[in-house]
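First up is the structure itself, then whatever we jot down about it.
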Amino acid sequence: MMKPTTPRYLNGRVRLFVGDLTDQTVDAIVNAANSTLLGGGGVDGAIHRRGGPAILEACRELRRSQWPNGLPTGQVEITGGGKLPARYVIHTVGPIFGQHGGQESELLAACYRNAIELAASHQLKSIAFPSISTGAFGYPPEKAALVVSQALHKCLDEITSIDDIRLVFFNASQMETFIAHQKFPR
Ligand code: APR
């Protein structure tokens, strides 16, 4: 039986995948990091494990040079991809749900918008996101789906140079939740 194709959005520019983000062969994958930029569990751990020490070394340099107090929530920085199939890693820090005085949705939207803008400024054509903040940072996936779809719709209307945007979910049920709650235009 043919695998049902997953839905596409924004004229096919946005596609959904189930699997390991680190398998994605794109120009950049987006890391759901923490402000230390020095690694962690989840996506962050997977990226550093598979990408190797070059990524951590580049993150340490970012801390030394630009972010001595850590990368603020919503901000983005880019490093090489090390041993990953992806050429680059765009590190971002998602909001911890309930910890930002009601600004969580704006901060989550900023992670996606700033990553798209940074990728475009590096002339990248393809980017893959994990479901930022919906793991250890506790963001309810159904609320995140609304924020992410609206943020991507808005910024991808303005930025047309990136034509391959992938949302990678660790399991099918997470993808189903996104599909049920996303608000991309029909
Ligand atoms: N590929 C794709 N998705 C993944 C992977 C992976 N290899 N590993 C985990 N996920 C999913 C989780 O199931 C969740 O849906 O990514 C989403 C984000 O979960 P986390 O990785 O926990 O990220 P986040 O919620 O943003 O919390 C960030 O966790 O790992 C630490 O250092 C990180 O402190 C930071 C915090």
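Note that the coordinates shown come from a computational prediction; the quantities given were computed from them, not determined experimentally. Start at 1 and go down the list; that is how both ligands and their atoms are numbered.
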How far is [atom] from its nearest protein heavy atom, and which residue and atom is that?
{"atom": "atom 22 (O) of ligand 1", "result": "Ala136 N, 2.9 Å"}
{"atom": "atom 26 (O) of ligand 1", "result": "Ser133 N, 2.9 Å"}
{"atom": "atom 36 (C) of ligand 1", "result": "Phe137 CE1, 3.4 Å"}
{"atom": "atom 7 (N) of ligand 1", "result": "Asp20 OD1, 3.1 Å"}
{"atom": "atom 1 (N) of ligand 1", "result": "Leu21 N, 2.9 Å"}
{"atom": "atom 25 (O) of ligand 1", "result": "Gly135 N, 2.8 Å"}

Atom indices of ligand 1, in the order listed, that fall short of 4.0 Å to a heavy atom of [X]:
{"X": "Gln174", "result": "13 (O), 15 (O)"}
{"X": "Val43", "result": "3 (N), 4 (C), 5 (C), 8 (N), 9 (C), 10 (N), 16 (O), 21 (O)"}
{"X": "Asp44", "result": "30 (O), 32 (O), 33 (C)"}
{"X": "Ala32", "result": "23 (O), 26 (O), 28 (C), 33 (C)"}
{"X": "Gly19", "result": "1 (N), 2 (C)"}

Legend entry - Heavy atom of Ser131, distance to ligand 1 below 4.0 Å: yes
Legend entry - Contact check, Thr134 vs ligand 1, heavy-atom distance below 4.0 Å: yes
Inset, instruction - Kindly confirm or rule out an N or O of Ile132 lying under 3.5 angstrom from an N or O of ligand 1. - result: no
Inset, instruction - Kindly identify the option in Ser35, Gly40, Gly41 whose heavy atom sits closest to atom 30 (O) of ligand 1. - result: Gly41
Inset, instruction - Using heavy-atom distances, let me know which of Phe169, Phe97, Phe170, Phe178 sits nearest atom 6 (C) of ligand 1. - result: Phe170
Inset, instruction - Could you check if a side-chain atom of Pro185 sits within less than 4.5 angstrom of a side-chain atom of His153, using non-hydrogen atoms only? - result: yes
Legend entry - Among Phe129, Phe178, Phe17, the one residue meeting ring-ring contact (aromatic ring centres under 6.0 Å, His included) with Phe169: Phe178
